[in-house]
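Chain naming here is simple, since letters A, B, ... match the order of the sequence lines and numbering starts at 1 in each. Side chains included, hydrogens not; waters and symmetry mates left out as well; all remaining heavy atoms used.
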There are 2 protein chains.
Amino acid sequence: MTTRIQKRNRKLILDAALEVFSAQGFRGATLDQIAVEAGLSKPNLLYYFDSKEAIHKALLGELLTTWLDPLKAIDPSGDPRAEIMAYMRRKLQMSREYPRESRLFANEILQGAPRMSAFIATELKALVDGFAALIRRWSAEGRLAPVDPHHLIFSIWALTQHYADFDAQIRLIRDGADPLEGAEAHLEMLFARLLAPAQVTPPVG
Amino acid sequence: MTTRIQKRNRKLILDAALEVFSAQGFRGATLDQIAVEAGLSKPNLLYYFDSKEAIHKALLGELLTTWLDPLKAIDPSGDPRAEIMAYMRRKLQMSREYPRESRLFANEILQGAPRMSAFIATELKALVDGFAALIRRWSAEGRLAPVDPHHLIFSIWALTQHYADFDAQIRLIRDGADPLEGAEAHLEMLFARLLAPAQVTPPVG
DNA sequence: AATGATCTTGACTGAATGGTCAAGTCTGCT
DNA sequence: AGCAGACTTGACCATTCAGTCAAGATCATT
């Protein structure tokens with residue numbers, strides 16, 4: 001049974017841990033930092049979680065479902081281009097709403113996905129395979145310009161997550177302006193053109 | 001004066017450090033790991049570099065010029081679309097040839113660019129501003145479809161670096177296949193379409 | 001071969017850090 | 001109020017890790 005206090009403190013800890021792990025990576029984060037951020041003592045963290053590793057694991061576990069949702073929401077019976085655009089928009093929205101989660105993920109992959117390879121190789125891969133099959137079907141039916149499904153989804157991931165993961169760089173280059181300003185319009189155009197039916201490109205005027 | 005031995009050992013150390021830092025991040029890497037990787041003793045590393053920090057700094061310093069070269073190579077007097085495509089190709093080539101450098105960079109930015117903000121805010125920003133001005137000029141001259149210069153360059157960075165930075169994920173999803181297989185063709189098409197003159201998109205057949 | 005400079009390292013130190021524990025405080029229930 | 005279980009923490013421990021040092025090995029030069 002979980003008490004009221006347990007619920008509150010677990011949430012405090014996971015939120016603090018997200019803040020610290022996403023900014024410093026697993027090894028860079030310390031329990032003391034997380035404790036301060038959570039407003040609890042270090043031994044108290046370890047009363048709720050067995051170890052630093054356990055906190056990190058719990059965090060990733062929470063994240064994974066959130067991460068898969070946009071992909072699951074693609075409707076195979078919908079309009080191909082509209083569905084892909086909507087997926088891209090959802091992913092961009094996640095960069096806006098959950099940048100820390102995106103960076104937590106990026107940190108993990110960058111370091112070879114040591115704590116996530118099982119998830120990627122099974123659940124995520126299965127979803128991506130399903131997506132790839134759907135794209136191929138749509139293309140075969142002539143409802144979508146032929147496109148490599150894997151590279152299509154990597155493009156969506158790369159372009160949307162970049163705004164969260166490289167936030168620091170973008171801010172420095174754009175004088176602190178909101179990195180996502182104009183991003184949606186840009187990506188709308190980019191994907192609209194990528195997914196448009198093949199056509200003869202007129203020569204440059 | 002630098003001796004033969006100094007030259008050799010500094011190179012050994014920097015190469016080992018690149019391997020370790022790019023895979024573990026700054027805090028995750030240890031001098032012992034780097035020493036083993038370099039085939040030298042830990043005190044010996046510290047004979048050649050003042051500190052762990054100094055090794056990392058030297059590494060970044062080396063990397064920075066390499067990193068800017070492709071951008072500097074854009075020829076303002078060349079054909080707009082050809083120049084941008086060539087830049088994208090050079091960046092993709094760097095993901096192929098220097099994936100560790102890309103990950104070192106990504107690690108640094110992810111953690112808020114603590115050791116690189118000066119470089120980004122000055123040198124890199126200046127080059128990007130120059131690029132942006134060039135893109136706007138080309139568009140104003142009607143030689144290039146109007147496109148947000150910043151988001152254009154972010155798109156190039158995101159799409160090319162993704163293959164190095166998220167290598168682990170891509171391999172798991174594609175059953176260990178070379179992540180870059182098919183990437184060039186895909187990005188060629190994507191950017192060709194993005195940069196094509198505006199035109200009426202026919203309705204879906 | 002001699003010698004001074006360069007290079008190398010085993011053995012250490014101090015600080016940081018993940019984790020423990022026993023002793024206390026608070027909470028909810030009767 | 002009183003009690004059992006839940007919660008909290010100061011003090012502590014063991015390990016890891018960046019960095020030091022003094023003594024010895026190697027190298028270049030004559």
Side-chain angles (χ1 to χ4, degrees), chain A residues 1-61 104 107-108 111-112 114-116, chain B residues 1-62 104 107-108 110-112 114-116:
Chain A
M1 198 211 68
T2 56
T3 69
R4 199 163 35 85
I5 294 179
Q6 268 170 41
K7 218 175 164 184
R8 172 175 56 95
N9 283 354
R10 275 180 208 277
K11 194 166 160 13
L12 277 175
I13 293 169
L14 288 178
D15 198 61
L18 175 58
E19 189 69 28
V20 177
F21 280 135
S22 68
Q24 320 266 26
F26 181 76
R27 297 254 349 234
T30 71
L31 285 178
D32 290 281
Q33 283 176 293
I34 298 175
V36 168
E37 184 79 25
L40 299 172
S41 69
K42 181 168 65 167
N44 210 359
L45 298 197
L46 293 163
Y47 174 75
Y48 289 103
F49 293 90
D50 285 345
S51 63
K52 180 183 179 184
E53 180 86 31
I55 298 177
H56 193 262
K57 226 173 237 169
L59 208 50
L60 281 183
L104 182 70
N107 259 307
E108 203 54 23
Q111 324 217 333
R115 293 160 238 278
M116 267 183 31
Chain B
M1 197 209 70
T2 58
T3 69
R4 201 163 34 84
I5 294 179
Q6 269 170 39
K7 217 174 165 185
R8 173 177 54 96
N9 283 354
R10 276 180 208 277
K11 195 168 158 15
L12 277 175
I13 293 169
L14 288 177
D15 198 61
L18 176 58
E19 188 70 28
V20 178
F21 280 134
S22 69
Q24 319 266 21
F26 181 77
R27 297 250 353 229
T30 71
L31 286 178
D32 290 282
Q33 282 176 295
I34 298 174
V36 168
E37 183 79 26
L40 299 172
S41 69
K42 181 167 65 166
N44 211 359
L45 299 197
L46 293 163
Y47 174 76
Y48 290 102
F49 292 91
D50 285 346
S51 63
K52 182 183 179 183
E53 181 85 31
I55 298 177
H56 194 261
K57 225 172 238 172
L59 209 49
L60 281 183
E62 270 201 341
L104 182 70
N107 259 307
E108 202 53 23
L110 250 186
Q111 324 218 332
R115 294 161 238 279
M116 264 183 34

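To the nearest angstrom, C1' of D:dT16 lies 14 Å from CZ of A:Phe26. Distance B:Asn44 CG to D:dA25 C1': 12 Å, rounded to the nearest Å. The distance from atom NZ of B:Lys7 to atom P of C:dC7 is 14 Å, rounded to the nearest whole Å. Between A:Leu46 atom CG and D:dA6 atom C1' there is a gap of 17 Å when expressed in whole angstrom units. If you take CD1 of A:Ile13 and C1' of C:dG19, they are 15 Å apart, rounded to a whole angstrom. For B:Ile55 and D:dC17, the CD1 to C1' distance is 13 Å, given to the nearest whole Å. One can place CG of B:Leu45 at 14 Å from P of D:dC17, the figure rounded to the nearest angstrom. Here the C1' atom of nucleotide C:dT17 and the CD atom of A:Glu53 are 15 Å apart, to the nearest Å.
Along DNA chain C, the nucleotide nearest to A:Ser51 and the one nearest to B:Tyr48 differ in position, and the one closer to the 5' end is contacted by B:Tyr48. Each of A:Lys42 and A:Arg4 was matched to the nucleotide of DNA chain C holding its nearest heavy atom; the match closer to the 5' end belongs to A:Lys42. Nearest-nucleotide mapping onto DNA chain D: of A:Arg27 and A:Leu40, the residue sitting toward the 5' end is A:Leu40.
Checking D:dT8, D:dT20, D:dT9 against the side-chain heavy atoms of A:Ile5 singles out D:dT8 as nearest. Taking every side-chain heavy atom of B:Asn9 into account, C:dC7 is the closest of D:dA11, D:dC17, C:dC7. Between C:dT20, C:dT17, D:dG19, one nucleotide has an atom nearer to the side chain of B:Leu31 than all others, and that is D:dG19. In the set C:dT6, D:dA6, D:dG19, the nucleotide with an atom closest to the side chain of B:Gln6 is C:dT6. You'll find that the side chain of B:Ser41 is closest to C:dT8, out of C:dT8, C:dG19, C:dG28. Proximity note for A:Asp32 (side chain, C-beta onward) versus C:dG18, D:dT9, D:dA6: the nearest is C:dG18.
Note that the NZ atom of A:Lys7 and the OG1 atom of A:Thr2 stand 6.5 Å from one another [nearest 0.5 Å]. In this structure, CG in B:Leu14 is found 9.5 Å from CD1 in B:Ile34, a value given to the nearest 0.5 Å. Here the straight-line distance linking atom CZ of A:Arg10 with atom CD1 of A:Ile5 works out to 12.5 Å at 0.5 Å rounding. The structure places OG of B:Ser51 at 11.5 Å from CG of B:Leu45, a figure rounded to the nearest 0.5 Å. Taken to the nearest 0.5 Å, the CD atom of A:Gln6 stands 10.5 Å off from the CD1 atom of A:Ile13.
Residue A:Thr3 places at least one side-chain N or O under 4.0 Å from the OP1 or OP2 atom of D:dC7. Side-chain N/O atoms of A:Tyr47 include none lying less than 4.0 angstrom from OP1 or OP2 on C:dG19.
Using a 4.0 Å heavy-atom criterion, one finds that A:Ala29 contacts the sugar-phosphate atoms exclusively.
Scanning atom types as modelled, no donor and acceptor separated by under 3.5 angstrom connect the side chain of A:Lys52 and the base of C:dG19.
In this structure, A:Lys57 contributes its side chain and A:Arg115 its backbone to no donor-acceptor pair below 3.5 Å.
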